[in-house]
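Step one of this worksheet: look at the structure below.
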Amino acid sequence: MSEYNVINSRAPRLDAPGKATGRAKYVDDMSLPGMLYGAILQSPLAHARILNIDTSRARSLPGVKAVVTAKEAGLVKYGVSPARYDETLYCHEKVRYVGDELAAVAAVDLETAMDALSLIQVDYEELPAVFTVEQAMAEGAPLLHDDYPRNISAEVHQEFGDVEAGFKQSDLIKTTTFVNKRQDAAFLEPHGCLAEFDLFGQLTLHTSTQVPHYVMRTVAMVLGIPVGQVRVVKPYVGGGFGPKCEATPLEMSACLLAKVTGKPVKMNYSREQVFLHSRARHQFIHTITTGVKKDGTLMALTNECHLEGGAYTSFGIATVYYSGSLLGGPYKLPNMKYDGYRVFTNRPACGAQRGHGGVAARAAWEQQLDMIAVDLGLDPVELRLRNIMSTGDVTCNVLDMSSLGMKECVEAVRDGSDWNAKRGKMTKGKGVGIACGFFVSGAGYPIYRSETFHSTVVIKLSEDGGTAQLLTGSAEIGQGSDTTMAMIAAEALGIKLSDVRVTSGDTDLAVDLGAYSSRQTLMTGHATKEAAEDVKRQVIEVLAQELSIPPVDIDFKNGLVVFKNGNVDFSKVRTSYIQEHRGWTDPPSGDLTFKEAARMAFLAKGTIVGTGKYKPGRLGGKYKGAAVGTSPAYGCSAQVVEVTVDMETGKVIIDRMTDAHDCGLAVNITSVEGQMEGSLSMGMGEALFEEVKFDGKGKILNANLGEYKIPTALDMPNVKTIIVESNEPNGPFGAKEVGEGAIMPTIPAILNAVYDATGVWIHELPLTPERVYRAIQQAKK
Amino acid sequence: MKRLIKLRVNDKDYELAVEPNQTLVDVLRYTLGLTGTKKGCEVGDCGSCTVIMDGKPVNSCLVLAVQANGRVIRTIEGVEADTGLHPLQVSFVDKGAVQCGFCTPGMVLSAQSLLERNPKPNEAEIRTAISGNLCRCTGYQKIVEAIHDCSEKMTR
Amino acid sequence: MLLPKFDYHEPATLGEACQVMGDLGQKTKALAGGTDLIVNMKKKILSPACLVYLGRIKEMKKIDSSNGLFKIGAGLTAAEVAEMEEIKNNYSALSRGASCLGSPLIRNLATIAGNLVSARPAADFPPPLMAYGARVVLKSSSGERVVSLDDFFKGPGQTLIAPEEILTEIVLDKLRPFSGAGYIKLGTRQTLEISLVNVAAFVSLDGPDGVIKTARIVLGAVGPVPLRAPSGEKALIGEKPSEALLAKAGEAAAFDSKPIDDYRGSAEYRRAMVDVLTRRALNEAINAARSNLN
């Protein structure tokens with residue numbers, strides 16, 4: 001039995017009934033009277049100078065209410081990180097990728113808006129374009145941004161320890177180069193938004209976002225209005241996974257058009273535009289060298305990475321740091337050197353996606369570790385266990401593993417998958433592979449440099465004392481954060497989950513940086529817990545006074561008052577409660593209830609409001625870029641994947657997956673499993689199917705969910721999930737992340753299983769039948 | 001030119017004037033306000049817009065409203081009973097089959113259609129029945145479990 | 001995504017449909033399941049001035065088994081074809097092909113007629129139908145003609161159907177004893193796939209342990225149209241089935257294929273897969289033939 005009353009259970013999600021009945025509202029389900037429809041004009045060319053934009057014909061089309069270009073929008077630079085604002089809402093001098101935004105229109109209906117777009121005449125002078133890292137960095141290559149020679153948008157050079165010395169002490173040194181492909185997050189709901197200015201000039205933007213807070217700040221900056229006059233409200237969101245973690249031209253266009261027309265404006269991206277806007281996973285080209293002792297002890301690692309970044313920086317600076325820093329663990333590694341280059345190309349900008357920056361690096365390294373294990377004649381599990389980090393270890397790049405059940409995860413999947421009976425022992429074409437990984441539980445610092453709290457939470461009690469209203473700016477995007485916060489509040493307050501009502505995703509309610517870097521359970525969770533404790537303290541104080549007992553003698557549990565020192569005569573409180581509620585149908589009986597106590601508190605002090613806040617302390621080292629990768633806690637996981645490879649066609653089928661994840665403490669067990677299963681599915685898609693493909697002119701060939709292939713129900717096997725709980729000291733009730741760490745081992749576990757099945761190492765994703773077939777044929781030669 | 005069509009949606013009759021180029025999903029969502037039917041791709045790839053038409057689950061983004069004239073349509077709004085959630089919806093809630101929820105209406109309808117045809121499906125049959133409904137959040141595991149759970153409850 | 005504007009007709013009978021198609025001429029498209037046409041119209045690849053919806057025509061949804069023939073209404077959906085007991089039992093490769101098409105939701109809309117007339121080189125209906133020696137009936141107000149499916153396809157998206165014609169029916173011969181077919185599709189995912197390669201094979205044996213009397217091998221996605229593999233077929237005639245024979249036929253079929261490189265796969269890989277899939281499809285066909293005692 002759990003020591004908890006609410007958390008650490010399988011409570012059904014609060015949003016599930018609404019979603020299962022179709023009642024839950026997403027942004028395109030909303031409409032406002034007099035609403036206009038907006039549409040965006042995007043560049044058909046990958047790189048071109050804009051000679052002229054003529055909007056006159058579009059403006060004179062009946063039904064068109066506004067046409068805006070850079071002339072109307074201005075040239076305020078924005079981006080994800082203030083360190084590198086390099087976008088303007090609409091292009092002015094040139095376009096840099098197929099899909100770059102040029103103009104937007106608002107009209108009485110979508111048909112008219114689309115017609116108007118086709119009437120905007122843009123004259124271009126086409127420029128030579130670069131599409132690959134190689135082309136972009138070549139001597140004399142055309143530059144996307146004049147200030148960035150060789151198209152390098154960001155570079156990182158770090159060394160921890162003494163790598164050269166580490167290699168000298170090594171018995172085996174292995175180098176491999178690994179390449180993934182550009183991914184799309186392929187959330188089911190395309191971006192959409194609805195903007196409205198009221199008659200006092202206050203803006204409300206309803207939008208499908210992961211980060212209402214950052215959207216609010218960016219919209220205010222770009223439109224030139226005070227932050228306090230912008231309210232961003234997130235309705236239910238149909239998935240994000242990273243790319244909805246920034247203010248989009250769609251959102252800013254809707255706001256601008258609403259400002260210009262004085263009418264509400266609704267805008268959506270089509271599925272094709274979701275691909276064009278992208279901001280999803282980069283392509284990473286990693287060259288990794290690892291040195292080990294004969295017994296498998298890791299001595300040194302060098303990691304050189306080139307990221308194909310697309311036309312703008314977006315999240316890229318963080319990404320290029322992450323693809324180095326996230327190899328610091330979960331193995332004891334004394335010496336590590338990293339050289340990262342993020343490169344501009346004339347393609348859609350890449351950004352963050354589940355496992356930000358670390359997924360390809362992890363795949364490359366975990367595959368190399370298996371190669372080393374084979375060379376040393378060690379079982380891959382054994383090699384990992386010999387180097388495994390545990391609670392209290394600090395990585396060479398100063399990431400503090402304040403809790404780490406990594407060893408427990410490895411042992412759990414080894415035993416849970418029947419590894420010892422299977423590895424190297426199955427028939428040709430069948431195999432198992434293992435891999436590990438870890439991830440941050442919330443970025444240690446906000447995206448913009450600030451002393452801000454990362455989360456604030458308000459909990460108010462209803463005047464009858466019966467309901468705790470939890471107000472938060474955090475973003476429920478499908479991961480279950482509303483339910484998690486309600487459970488944390490109920491637990492901390494000592495009431496039932498059904499007595500908590502959550503309102504979230506609204507910048508007017510509280511401050512929250514949003515749903516990214518797997519931060520909300522820990523960070524919003526902390527603020528929630530603190531707010532609940534604040535409420536609890538206030539109610540206890542009043543009750544203690546009423547009953548003339550010390551406050552420390554009072555506690556709440558499951559909505560009832562617990563007197564720690566035996567029976568207390570509370571008839572006075574009960575009588576007064578009942579007197580106040582004549583005719584009400586629920587006169588309390590038996591134990592004194594929280595509700596009665598909370599009503600007393602209201603009568604004594606007015607509305608009871610508790611607040612909570614959270615920001616991490618100083619984290620990480622002092623070197624340049626030390627902030628990226630820091631976190632108050634790290635989740636970790638291990639996976640074993642079992643595959644069948646058709647040796648004649650190269651087709652890979654995933655037969656079984658066993659995943660163990662250390663989430664500190666599972667606030668909601670079902671939701672933790674759901675995050676694990678979902679991560680595995682996304683990792684499996686990246687491993688086997690997913691690749692955004694382009695023609696020679698920078699146009700996407702498969703900007704749809706038919707040919708950009710995410711796993712279907714028939715591709716996913718049964719997944720066995722094992723939760724490991726290491727009780728994180730920095731987490732609320734010991735909880736930490738699960739949403740992203742669980743994707744880390746998936747790709748390399750598949751790569752390693754395919755090796756076990758075929759005897760072939762494949763260093764490029766995705767493992768399409770053709771790629772696997774070629775590798776098998778190559779090995780035969 | 002607009003045409004008059006008759007639709008029976010969730011046991012209610014509608015007479016509507018529609019343009020030939022209006023799709024069924026748009027008429028359901030924007031004319032009838034039945035926004036539980038979602039639009040994820042608009043070209044039949046994702047299944048978010050699944051409705052049951054004349055007893056069969058289809059992508060309503062690929063059906064013209066005029067094509068649906070005279071037909072019987074069930075949307076997610078027609079699944080919920082007067083007494084509360086349909087057992088399938090209860091299973092989806094209980095088993096944690098819902099995350100972002102955008103695929104859920106289509107999933108529920110594909111599953112309901114399966115259970116109407118085959119009350120005791122095995123895992124392969126369940127996976128096949130929902131294989132036109134993409135989900136990016138769950139990895140399908142808990143959706144399959146929910147459908148199985150409902151089948152058990154209803155055939156017990 | 002908005003559809004372009006068009007005029008819409010909804011004939012109730014085949015006669016009426018032929019009349020309308022004849023009157024409207026070039027800028028008209030017949031709308032069957034819509035799973036290709038509507039998508040192409042949304043993407044502005046096609047914008048016909050008029051659509052003639054065939055889905056209300058009951059005559060196009062019948063099957064008829066008489067005079068040694070098996071006739072399938074071209075208006076039947078892939079799901080209906082896949083589930084029809086008569087087809088499952090007698091034309092298992094066709095049933096297989098139908099159940100591989102798109103997704104369950106697509107299969108409830110997509111029709112045989114639509115799948116054939118849209119003439120995608122990787123389509124799922126043509127290989128098994130051609131393997132069974134199918135003919136298609138093309139009707140217009142001026143009469144009807146019956147065309148072998150072998151001759152029907154002219155290129156990607158192109159067939160010899162005239163603008164005023166409607167593909168109404170598929171005609172198959174009743175299967176003789178000891179004949180049968182197989183169909184194998186190779187895609188990246190398990191479903192919702194455009195074939196990388198698909199192969200159907202048909203054989204008829206002169207007895208349960210006898211030699212191969214006739215053979216048809218049809219290759220999809222390795223040419224502008226679904227292709228017969230003449231040298232692959234020739235290698236089989238008069239021979240007793242064996243692993244070596246199938247390997248020979250597979251190699252020959254690979255030689256017959258005309259794949260190209262595109263973003264879905266390379267010509268070289270596709271050619272190699274023709275070999276593999278031909279062997280497997282033949283194997284299925286031989287097993288089906290042996291168990292077909294009729």
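Protein chains get the first letters and strands the later ones, always in sequence-line order, with residue 1 at the start of each.
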Between A/Glu272 and C/Lys43, does at least one N-O distance fall below 4.0 Å, as a salt bridge requires? no

Closest heavy-atom pair and its distance - A/Pro769, C/Gly187: CG-O, 4.2 Å

Check each atom of A/Asp695 against the heavy atoms of chain C and say whether the ones under 4.5 Å are side chain, backbone, both or neither. neither

Please look at A/Asn268 and chain C and tell me whether the side chain, the backbone, both or neither of the residue comes under 4.5 angstrom of a heavy atom of that chain. neither

Under 4.5 Å from a heavy atom of chain C, the part of A/Leu688 involved: backbone

Pair count under 4.5 Å, heavy atoms only, with chain C: among A/Val652, A/Asn704, A/Leu705, A/Asp646, highest is A/Asp646

Rounded distance (nearest 0.5 Å) linking atom CD of A/Glu690 with atom OG1 of C/Thr188: 12.0 Å

Are C/Met273 and A/Lys651 close enough that some pair of their side-chain heavy atoms sits under 4.5 Å apart? no

Go through C/Leu196, C/Leu277, C/Asp275, C/Thr191 and name the one with the most non-hydrogen pairs under 4.5 angstrom from chain A. C/Thr191

More than 12 heavy atoms of other residues, nucleotides or ligands under 6.0 Å from NZ of C/Lys29: yes or no? no

N/O donor-acceptor pair under 3.5 Å between A/Lys693 side chain and C/Tyr263 backbone: yes

Side chain, backbone, both or neither: which part of A/Arg271 has a heavy atom under 4.5 Å from chain C? neither

Segment of C/Leu192 engaging chain A (4.5 angstrom heavy-atom cut-off): both

Near A/Arg182 CZ, under 6.0 Å, is it more than 12 heavy atoms from other residues, nucleotides or ligands? yes

Quick one: what part of A/Glu691 sits under 4.5 Å from any heavy atom of chain C, side chain, backbone, both or neither? neither

Using non-hydrogen atoms only, which part of C/Lys5 is less than 4.5 Å away from chain A: side chain, backbone, both, or neither? side chain

So, for A/Arg774 and C/Ser266, which heavy atoms are closest and what is the spacing to 0.1 Å? NH2-OG, 2.8 Å

Side chain / backbone / both / neither for C/Arg270 at chain A, heavy atoms under 4.5 Å: neither

Side chain C/Arg189, main chain A/Ile710, donor-acceptor under 3.5 Å: yes

Verify the neighbour count for atom CD of A/Glu764: are there more than 12 heavy atoms of other residues, nucleotides or ligands below 6.0 Å? yes

Check whether more than 12 heavy atoms from other residues, nucleotides or ligands sit under 6.0 Å from atom CZ of C/Arg96, and answer yes or no. no

Gap between atom CE of A/Met114 and atom NZ of C/Lys44 - 0.5 Å precision: 6.5 Å

Taking atom types as modelled and ignoring hydrogens, do the side chains of C/Gln190 and A/Thr712 form a donor-acceptor contact shorter than 3.5 angstrom? no

At a heavy-atom separation under 4.5 Å, does C/Ser103 approach chain A through its side chain, its backbone, both, or neither? neither

Report, as yes or no, whether the 6.0 Å neighbourhood of atom NZ on A/Lys699 holds more than 12 heavy atoms from other residues, nucleotides or ligands. no

